[in-house]
Amino acid sequence: MENMFRLMGSEDISERSRCIWVNGPVIIGAGPSGLATAACLRDEGVPFVVLERAECIASLWQKRTYDRIKLHLPKKVCQLPKMPFPEDYPEYPTKRQFISYLESYATRFNISPQFNECVQSARYDKTSGLWRIKTSPSSATSGSEMEYICRWLVVATGENAERVVPEIDGLTTEFNGEVIHSCEYKSGEKYRGKRVLVVGCGNSGMEVSLDLANHNANASMVVRSSVHVLPREVFGKSSFEISMMLMKWLPLWLVDKILLILAWLILGNLTKYGLKRPKMGPMELKVVSGKTPVLDIGAIEKIRSGAVDIVPGIKRFSRSHVELVDGQILDLDAVVLATGYRSNVPSWLQENDLFSKNGFPKSPFPNAWKGKSGLYAAGFTRKGLAGASADAVNIAKDIGNVWREETKRVQKIRTRVGHRRCISVA
């Protein structure tokens, strides 16, 4: 194999060739999940190659997040393996601080992704027992199509690879105002004094609405279904940490009951503002569907004060209006689609054992990180950065064990060959 293809570890590619044999795993994605997996492999002494379609690491954070975003959970549960956040960072690091942390992380573990490599397909060749990954240059870049061949493949493209844009009557054909996805939203400054409709009431929708209100825009937020809203902190303690602590000792239903009581005490009754809670508790809903409760960082106060209006579902858009399902008609200048993201794995991975059609592993956490034939998944646990870190550690240990055993076997064979040569010469 080494005679057929150019051998490649984690070193840079100086000359482009059609096929590249990777002496170790290929990691697809240079976000937090891919970086964590690479760092853990480095610690195990296993060479690797990271492929990234963008021209930078953590492109979701660098290019598709709004300016005011911070980590929603405490930094100690968001740090990647083998490197904590700097001590002087606040409890909830800012966007710029998190990006700086990731850049330092890549430098510390000598992770140099191959940027602008967009994976077109990845398939397992049963005849050779190897993975074949075909890539093409990302738009606006020069280069040729490549094929990487390896024994192990780590899918680390994440849960949020592609934006979700719903089809709404009249939105693209009749509405004359600005329409953007929340990944394009940066700040509410440009919307000062304008009438903006935010479609979606998850964490992104709530935070965009809050930012718009802080910049004196006339914000309305569409809430079509029920949603759990919890305070980010309860008496100075993270709601996440409280729930994790309670789940160690109490049944899930009781944990949910306690969280809802605390939420009611701090946030009050939100039903009168148009925010109805699901029948299933927040933690149970997270386990069953992966839907994360909204952690309030100030949006609820804006809703109470009337700075953000809650409106029901949309019927259709016209030139400068939106008609709601209850008959209301609102004048609008812009629409922000806070409608989430999806996995793009099914569009390029030719495999149906580990991943389902929705782009997530079929097996639930904590068994979703390993498939068959050297296929792994990092960062698809719906458990945030902590889940991605756990995946990275497991993947690196699994590959590292095989790598060390095979290295020992090869060394023994070489030793025996050397001994035979000495004997025959004698």
Side-chain angles (χ1 to χ4, degrees), residues 1-13 16-30 33-53 81 109-114 117-136 145-157 345 348-355 361-363 367-380 388 391-414:
M1 183 64 69
E2 294 173 3
N3 294 327
M4 295 172 60
F5 303 103
R6 180 181 173 190
L7 182 64
M8 179 180 173
S10 58
E11 69 275 7
D12 293 334
I13 302 175
R16 294 289 178 170
S17 57
R18 178 79 177 168
C19 292
I20 296 177
W21 161 248
V22 179
N23 188 29
V26 166
I27 303 169
I28 301 179
S33 301
L35 296 177
T37 304
C40 291
L41 286 168
R42 179 76 71 202
D43 195 58
E44 292 283 338
V46 180
F48 55 83
V49 169
V50 181
L51 302 180
E52 169 57 46
R53 65 179 177 177
F109 294 101
N110 192 25
I111 303 169
S112 300
Q114 304 304 317
E117 294 276 4
C118 186
V119 175
Q120 301 299 315
S121 67
R123 67 178 181 87
Y124 182 70
D125 186 337
K126 293 182 179 180
T127 302
S128 63
L130 300 170
W131 284 93
R132 306 178 74 98
I133 303 108
K134 292 184 178 181
T135 71
S136 64
E145 293 183 352
M146 307 288 288
E147 184 174 28
Y148 295 84
I149 299 175
C150 60
R151 180 173 175 183
W152 298 286
L153 175 63
V154 181
V155 179
T157 48
V345 174
W348 54 267
L349 181 62
Q350 299 174 20
E351 182 272 350
N352 55 18
D353 289 324
L354 178 59
F355 285 88
K362 295 178 180 179
S363 300
N367 302 312
W369 59 274
K370 184 177 181 179
K372 299 177 181 178
S373 307
L375 179 63
Y376 298 89
F380 292 88
D391 287 342
V393 171
N394 289 331
I395 292 168
K397 285 183 178 179
D398 198 59
I399 295 176
N401 289 336
V402 177
W403 179 269
R404 283 188 292 273
E405 287 300 317
E406 294 194 350
T407 300
K408 291 178 183 178
R409 191 181 307 122
V410 170
Q411 289 174 343
K412 288 181 179 179
I413 292 173
R414 288 176 177 172

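Predicted model only: the values in this text are computed from it and were never measured.
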Inset, instruction - Could you tell me whether the side chain of Tyr148 reaches within less than 4.5 Å of the side chain of Thr135, counting heavy atoms only? - result: yes

Legend entry - For Glu145 against Ser136, the heavy-atom pair lying closest together: CG-CB, 4.2 Å

Inset, instruction - Kindly give the heavy-atom pair with the smallest separation between Val46 and Gly400, and that separation in Å. - result: CG2-CA, 3.8 Å

Inset, instruction - Side-chain contact test, heavy atoms from C-beta onward, threshold under 4.5 Å: evaluate it for Leu375 versus Trp131 and give yes or no. - result: yes

Legend entry - Interatomic spacing from CD1 in Ile27 to CG in Leu35 - rounded to 0.5 Å: 8.5 Å

Legend entry - For the student: nearest non-hydrogen atoms of Gly29 and Val50, plus distance: O-CG1, 3.7 Å

Inset, instruction - Under the side chain to side chain contact (heavy atoms under 4.5 Å, CB included) rule, what do Ser121 and Ile133 come out as? Steps first, then yes or no, please. - result: CA-CA 6 Å; Ser121 67; Ile133 303 108; over 6 Å; no

Inset, instruction - Measure the spacing between OG of Ser363 and CG of Leu354 and express it to the nearest 0.5 Å. - result: 7.0 Å

Legend entry - Identified side-chain contact (heavy atoms from CB on, under 4.5 Å) partner of Met146 from the options Lys134, Gln114, Gln120, Glu117: Glu117

Legend entry - Reference residue Lys370; test salt bridge (charged side-chain N to carboxylate O under 4.0 Å, His left out); the match among Asp353, Asp398, Asp391: Asp398

Legend entry - Heavy-atom check, side chain of Pro113 versus side chain of Ile111, under 4.5 Å: yes

Inset, instruction - Provide the closest heavy-atom pair for Ala377 versus Ile395 in the form atom of the first, atom of the second, distance. - result: O-CD1, 3.7 Å

Legend entry - For the student: nearest non-hydrogen atoms of Pro47 and Trp403, plus distance: CD-CZ2, 3.3 Å

Legend entry - Flag, side chain of Glu405 to backbone of Lys408, donor-acceptor distance under 3.5 Å: no

Inset, instruction - Compare all side-chain heavy atoms of Leu349 with those of Leu153 and state whether any distance is below 4.5 angstrom. - result: yes

Inset, instruction - Nearest 0.5 Å please: distance from the CG atom of Asn394 over to the SG atom of Cys40. - result: 9.5 Å

Inset, instruction - May I ask you to test the Phe48-Thr37 pair for a side-chain heavy-atom distance under 4.5 Å? - result: no

Inset, instruction - Taking Arg42 for its side chain and Phe109 for its backbone only, find out whether a donor-acceptor pair lies under 3.5 Å. - result: yes

Inset, instruction - Find out whether Tyr124 and Leu130 are in side-chain contact, i.e. whether some heavy atom of one side chain is under 4.5 Å from a heavy atom of the other. - result: no

Inset, instruction - Indicate yes or no: at least one non-hydrogen side-chain atom of Tyr376 is less than 4.5 angstrom from one of Ile399. - result: yes

Legend entry - Exercise: identify the closest heavy-atom pair between Cys118 and Arg53: CA-CB, 4.0 Å

Legend entry - Evaluation steps, side chain to side chain contact (heavy atoms under 4.5 Å, CB included), between Ile149 and Val22: CA-CA 6 Å; Ile149 299 175; Val22 179; over 6 Å; no

Inset, instruction - Tell me, please, which residues at least two apart from Lys397 pass side-chain contact (heavy atoms from CB on, under 4.5 Å). - result: Glu44, Val393

Inset, instruction - Compare all side-chain heavy atoms of Ile28 with those of Trp348 and state whether any distance is below 4.5 angstrom. - result: yes

Legend entry - Note: Glu406-Arg151 ion pair, threshold 4.0 Å (strictly below): yes

Inset, instruction - Return the orientation label for the Phe355 and Phe380 ring planes: parallel under 30°, perpendicular over 60°, tilted otherwise. - result: perpendicular

